[in-house]
Amino acid sequence: HVQLVESGGGSVQVGGSLRLSCVASGYVDGYRFTDRCIGWFRQAPGKAREGVAVVYTGATTYADFAKDRFSISQDKDKNIVYLQMNGLRPEDTAMYYCAAHYAIHSTSPCPQSPNYWGQGTQVTVS
């Protein structure tokens, strides 16, 4: 059983910064830590959910809007994944979700619909 708990959201002014944290606990039988793709998604009111950034086998992937402003990292010892967000804009306002996907020898190790999701943390930029 995997649990993901996000924190760090809040209200910030345009141009400000926030660091989101996702504490991951639990495991999936038969899967190793390296079989996990974990990252951040977001959903704004009235809009579709979109990927923000993920990390898989040490490699990171960012959405175009996040490439120059956001940074994903993980503390493997503490099993925490961070999303550092700088230069925040009103359009970054959304619920941010931590999500993890476990797969072995998959051609899509980081799908748009991961297996496990956190409850989300709200980010509001104004």
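Predicted model only: the values in this text are computed from it and were never measured. Below, all heavy atoms of this structure are taken into account, side chains as well, without hydrogens, waters or symmetry copies.
Crowding of Gln119 atom CD: a count of heavy atoms from other residues, nucleotides or ligands under 6.0 Å not exceeding 12. In this structure, Phe65 places its CZ atom where more than 12 heavy-atom neighbours from other residues, nucleotides or ligands lie under 6.0 Å away. Within a 6.0 Å sphere centred on CD of Gln13, heavy atoms belonging to other residues, nucleotides or ligands number 12 at most.
Between the side chains of Asn79 and Arg36, a donor-acceptor pair is found at a separation under 3.5 Å.
Arg49 places a side-chain N or O within 3.5 Å of a backbone atom of Gln112 that can act as its donor or acceptor partner. Side chain of Glu6 to backbone of Cys98: a donor-acceptor contact under 3.5 angstrom is found. Under a 3.5 Å cut-off, the side chain of Arg69 and the backbone N or O of Gly87 do form a donor-acceptor pair. Not one N or O on the side chain of Ser106 forms a donor-acceptor pair closer than 3.5 Å with the backbone of Ala103. Side-chain atoms of Thr124 do not come within 3.5 Å of backbone N or O of Ser11 as any donor-acceptor pair.
For the pair Pro111/His101, a side-chain contact is recorded, criterion being any heavy-atom separation below 4.5 Å from C-beta on. Taking the side chain as every heavy atom from C-beta outward, Val14 and Val125 approach each other to under 4.5 Å.
In terms of heavy atoms, Gly8 sits closest to Leu18 at O-CD2, 3.8 Å. Between Ser71 and Tyr62, the shortest heavy-atom contact is CA-OH, 3.3 Å. Pairing each heavy atom of Ala99 with each of Trp117, the nearest pair is CB-CE3, 3.6 Å. Considering every non-hydrogen atom in both Ile72 and Ala53, the closest pair reads CD1-O, 3.6 Å. Between Tyr97 and Gly118 the shortest heavy-atom distance is CD2-O, 3.6 Å. Taking each heavy atom of Val2 and Val28 in turn, the nearest pair found is CG2-CG2, 3.5 Å.
A chain of hydrophobic side-chain contacts below 4.5 Å, direct or via other Ile, Leu, Val, Met, Phe, Trp or Tyr residues, connects Tyr116 to Tyr96. Under the 4.5 Å side-chain heavy-atom criterion for Ile, Leu, Val, Met, Phe, Trp and Tyr, Leu4 and Tyr31 are members of the same hydrophobic cluster. By the criterion of side-chain heavy atoms lying less than 4.5 angstrom apart, applied directly or through intervening Ile, Leu, Val, Met, Phe, Trp or Tyr residues, Ile80 is not grouped with Tyr102; the two fall into different hydrophobic clusters. Connection of Met85 to Val12 is established within a shared hydrophobic cluster, with ILVMFWY side chains joined at heavy-atom distances below 4.5 Å, either directly or through further cluster members. Phe41 and Val5 are members of different hydrophobic clusters when ILVMFWY side chains are connected at heavy-atom separations under 4.5 Å.
Sorted by first and then second residue, the salt bridge (charged side-chain N to carboxylate O under 4.0 Å, His left out) pairs involving residues 70-87 (not counting sequence neighbours) form an empty list.
Listed by chain and residue number, Lys67 satisfy the salt bridge (charged side-chain N to carboxylate O under 4.0 Å, His left out) test with Asp64 (two or more places apart in sequence, or in another chain). A search for salt bridge (charged side-chain N to carboxylate O under 4.0 Å, His left out) contacts involving Arg42 returns Glu50, Asp92, not counting sequence neighbours.
Here the CD atom belonging to Gln84 is positioned 7.0 Å from the CZ atom belonging to Arg19, to the nearest 0.5 angstrom.
The aromatic ring centroids of Phe70 and Trp40 lie 6.0 Å or more from each other.
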Can you check side-chain contact (heavy atoms from CB on, under 4.5 Å) on Thr93 and Val123, steps first, answer last? CA-CA 5 Å; Thr93 295; Val123 171; 5.9 Å; no
Please determine whether side-chain contact (heavy atoms from CB on, under 4.5 Å) holds for the pair Ile38 and Val55, giving the CA-CA distance in whole Å, both sets of side-chain angles, and the decisive distance to 0.1 Å. CA-CA 6 Å; Ile38 189 166; Val55 55; 3.7 Å; yes
